[in-house]
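Notes follow once the structure below has been shown.
Throughout, numbering of the chain's residues begins at 1 and tracks the sequence.
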Amino acid sequence: MVTAWILLAAYVIDRLVGDPRQLPHPVVGMGKAITAVERGIRRRWTQPRSLRRAGVLLPLIVAGGAWGVTALLLWSLSLMSPWLVWIAEAWLISTTIAAKGLRDAGMAVYSELRKGDIPAARKALGMIVGRDTAALDSPEMVRGTVETVAENIVDAIISPLLYALLGGAPLAMAYRAVNTLDSMVGYKNDKYRDLGWASARLDDVANYIPARITALLLTLCAWLLRLDYRNCLLTVRRDARLHPSPNSGYPESAVAGALGIRLGGYNVYHGVASFREYMGEPLRTMEPEDIILTSRLMLLCSTLFVSFCAAAAWLWTGS
């Protein structure tokens, strides 16, 4: 089990530094590994049934490889100095967290909206969402930003911290590999329906408990920030299950309830409109300041959870 100081150091590194472009990022390596393994699988198997079986192999190779490489690296460093292990593990865990990146991405949209530069705001939003942004007005861009920040509280903060607590950097990196797999191959389209099903299912399982922890934490954060915590909890209980994802509805409905806004509705992907069930009640019109409130909820939620994880690690390891 990882120590409290390593967890806290990892979180502080992310909050202060984020993901510097000058340094290599493990997720980039994971992406290249996924592409290589997928290419090898498709050369060997082409039929839907065989691809479906190979779909189980893909996360085993990639996530198992991420765990193994990380564990081997830390073991090798331990032969030289325990301080090297401490530094490497803190940095590796920090790369699985994205609190600073989430806040910066949301504030980039907010800044352009406040300046009234709609084209620039659409461009900034397009960097973090998959939906078409060319025709979105200000409230719809606020919705897209709030939904993205809220949804990613789970897989960019709470889940990696939880798995780091349970299994150190190796398990946190394995989780990040699962999440990267889902973002690359976990689609229900003709190309990935057979090969990506296991990766998508594994990501759902990995985020199941963290998503529900996040909803409870966001309710507490809403109370601490003097937002509508009662409506937050009510909206989660009523609307979370309406989301097509078994997990994403929990943080999104919690934020919708806390802010008194309605998320969901029509999104356009590659020119095709898709309706997502509404979450929350439209008690007021969405405004750019809702991005700031969502960022505050996200940062407070992440701070509370890393504090909880550090306390648990301290009680378990004594350090």
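A donor-acceptor pair under 3.5 Å is formed between the side chain of N189 and the backbone N or O of K191. Side-chain atoms of D203 do not come within 3.5 Å of backbone N or O of D182 as any donor-acceptor pair. When atom types are taken as modelled, the side chain of D117 and the backbone of E112 share no donor-acceptor pair closer than 3.5 angstrom. Not a single donor-acceptor pair under 3.5 Å links the side chain of W45 to the backbone N or O of A54. Looking at R44, its side chain never comes within 3.5 Å of a backbone N or O of G40 through a donor-acceptor pair. Panel note: side chain R193, backbone K188; a donor-acceptor pair is recorded below 3.5 Å. Remark: side-chain polar atoms of R176 are paired, donor with acceptor, to backbone N or O of T96 under 3.5 angstrom. With hydrogens and angles ignored, the 3.5 Å screen pairs no side-chain donor or acceptor of S111 with any backbone N or O of A108. Here the side chain of N231 pairs no donor or acceptor atom with the backbone of D228 at under 3.5 angstrom. Checked by atom type and distance alone, the side chain of E89 never pairs as donor or acceptor with a backbone atom of G168 at under 3.5 Å.
L225 is connected to L102 through a chain of hydrophobic side-chain contacts under 4.5 Å among Ile, Leu, Val, Met, Phe, Trp and Tyr, so both are in one cluster. By the criterion of side-chain heavy atoms lying less than 4.5 angstrom apart, applied directly or through intervening Ile, Leu, Val, Met, Phe, Trp or Tyr residues, M141 is grouped together with L263 in one hydrophobic cluster. Transitive grouping of hydrophobic side chains (ILVMFWY, heavy atoms separated by less than 4.5 Å) brings I153 and L224 into a common cluster. Under the 4.5 Å side-chain heavy-atom criterion for Ile, Leu, Val, Met, Phe, Trp and Tyr, L58 and V178 are members of distinct hydrophobic clusters. Placement of M30 and V69 in two distinct hydrophobic clusters is found when ILVMFWY residues are connected by side-chain heavy-atom separations under 4.5 Å, directly or transitively.
Two residues are said to be in side-chain contact when any heavy atoms from C-beta on lie closer than 4.5 Å; L304 and C221 meet this criterion. Contact annotation: the side chain of N179 never approaches that of S159 to less than 4.5 Å [non-hydrogen atoms, C-beta and beyond]. Using a 4.5 Å heavy-atom cutoff, the side chains of T35 and M184 are in contact. At least one side-chain heavy atom of T214 sits less than 4.5 Å from a side-chain heavy atom of L218. Counting heavy atoms from C-beta on, the side chains of I213 and L216 never come closer than 4.5 Å. Residues N247 and E151 form no side-chain contact, since every pair of their non-hydrogen atoms from C-beta on lies 4.5 Å or further apart. Residues V149 and I291 are not in side-chain contact: their nearest non-hydrogen atoms beyond the backbone lie 4.5 Å or more apart. Contact annotation: the side chain of P170 approaches that of L74 to within less than 4.5 Å [non-hydrogen atoms, C-beta and beyond].
A pairwise comparison of heavy atoms in T235 and G257 identifies OG1-CA, 3.4 Å as the closest pair. The nearest pair of heavy atoms linking A174 to A63 is CB-O, 3.7 Å. The two residues L202 and P59 have their closest heavy-atom pair at CD2-CB, 3.9 Å. Scanning both residues, P246 and D204, for their nearest heavy atoms gives CG-CG, 3.7 Å. Residues V236 and A215 come closest through the heavy atom pair CG1-CB, 4.1 Å. Nearest heavy atoms, I118 versus L136: CG2-O, 4.3 Å.
Between the OG1 atom of T95 and the CD1 atom of I13 there is a distance of 9.5 Å, given to the nearest 0.5 Å. L125 contributes atom CG, which lies 11.0 Å from atom CE of M127 (distance to the nearest 0.5 angstrom). Expressed to the nearest 0.5 Å, how far CD of E287 lies from CD1 of I292 amounts to 11.0 Å. A distance of 11.0 Å separates OG1 of T46 from CG of D194, quoted to the nearest 0.5 Å. How far SG of C301 is from CG of L217: 4.5 Å, rounded to the nearest 0.5 Å. From L7, atom CG reaches atom OG of S94 across 11.5 Å, with rounding to the nearest 0.5 Å.
More than 12 heavy atoms of other shown residues, nucleotides or ligands fall within 6.0 angstrom of atom CZ in R284. Applying the 6.0 Å contact sphere to CE of M80 captures more than 12 heavy atoms from other residues, nucleotides or ligands. Within a 6.0 Å radius of CH2 in W91, other residues, nucleotides and ligands contribute more than 12 heavy atoms. Counting heavy-atom neighbours within 6.0 Å of R42 CZ, excluding the residue itself, gives a total above 12. Other residues, nucleotides and ligands contribute only 12 or fewer heavy atoms inside 6.0 Å of the CD1 atom of I209. Residue R201 qualifies as open at atom CZ: its count of foreign heavy atoms under 6.0 Å is 12 or below. Within a 6.0 Å sphere centred on OH of Y208, other residues, nucleotides and ligands contribute 12 heavy atoms or fewer.
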request  = Report the C-alpha distance between M286 and R262 in whole Å, list the side-chain angles of each, state the deciding distance to 0.1 Å, and finish with yes or no for side chain to side chain contact (heavy atoms under 4.5 Å, CB included).
outcome  = CA-CA 8 Å; M286 281 180 280; R262 186 175 70 179; over 6 Å; no

query = Yes or no on side chain to side chain contact (heavy atoms under 4.5 Å, CB included) for L300 and L297, after CA distance, side-chain angles and deciding distance?
reply = CA-CA 5 Å; L300 181 55; L297 281 167; over 6 Å; no

query = Taking it one step at a time, do Y175 and N207 satisfy side-chain hydrogen bond (donor to acceptor under 3.5 Å, both in side chains)?
reply = CA-CA 9 Å; Y175 166 76; N207 287 312; 2.7 Å; yes

query = Yes or no on side chain to side chain contact (heavy atoms under 4.5 Å, CB included) for L57 and V37, after CA distance, side-chain angles and deciding distance?
reply = CA-CA 10 Å; L57 192 62; V37 174; over 6 Å; no

inquiry  = Could you walk me through whether V56 and L60 satisfy the side chain to side chain contact (heavy atoms under 4.5 Å, CB included) test, starting with their C-alpha distance in whole Å, then the side-chain angles of each, then the deciding distance to 0.1 Å, before giving a yes or no?
reply    = CA-CA 7 Å; V56 178; L60 288 177; 4.3 Å; yes

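Between the side chains of Y110 and T145, not a single donor N or O lies within less than 3.5 Å of an accepting N or O. Side chain to side chain, T303 and Y11 meet the donor-acceptor criterion of an N or O pair below 3.5 Å.
Between R114 and E289 there is a salt bridge, since at least one side-chain N of the basic residue sits less than 4.0 Å from a carboxylate O of the acidic one. Using a 4.0 Å cut-off between a side-chain N of Lys or Arg and a carboxylate O of Asp or Glu, D137 and R122 do not qualify as a salt bridge. Salt bridge E147/R131: present, at least one basic N to carboxylate O contact under 4.0 Å. Residues R238 and E281 are paired through a salt bridge, judged by an N-O separation under 4.0 Å between the basic side chain and the carboxylate.
Between W223 and Y229, the ring planes are perpendicular. Angles over 60° get that label, and only those under 30° would be called parallel.
The residue from D290, T148, N267 that alone fulfils the side chain to side chain donor-acceptor pair (under 3.5 Å) condition with R143 is N267.
The list of ring pair (Phe, Tyr, Trp, His ring centres under 6.0 Å) pairs with a residue in residues 243-294, not counting sequence neighbours, reads Y266-F275, F275-Y278.
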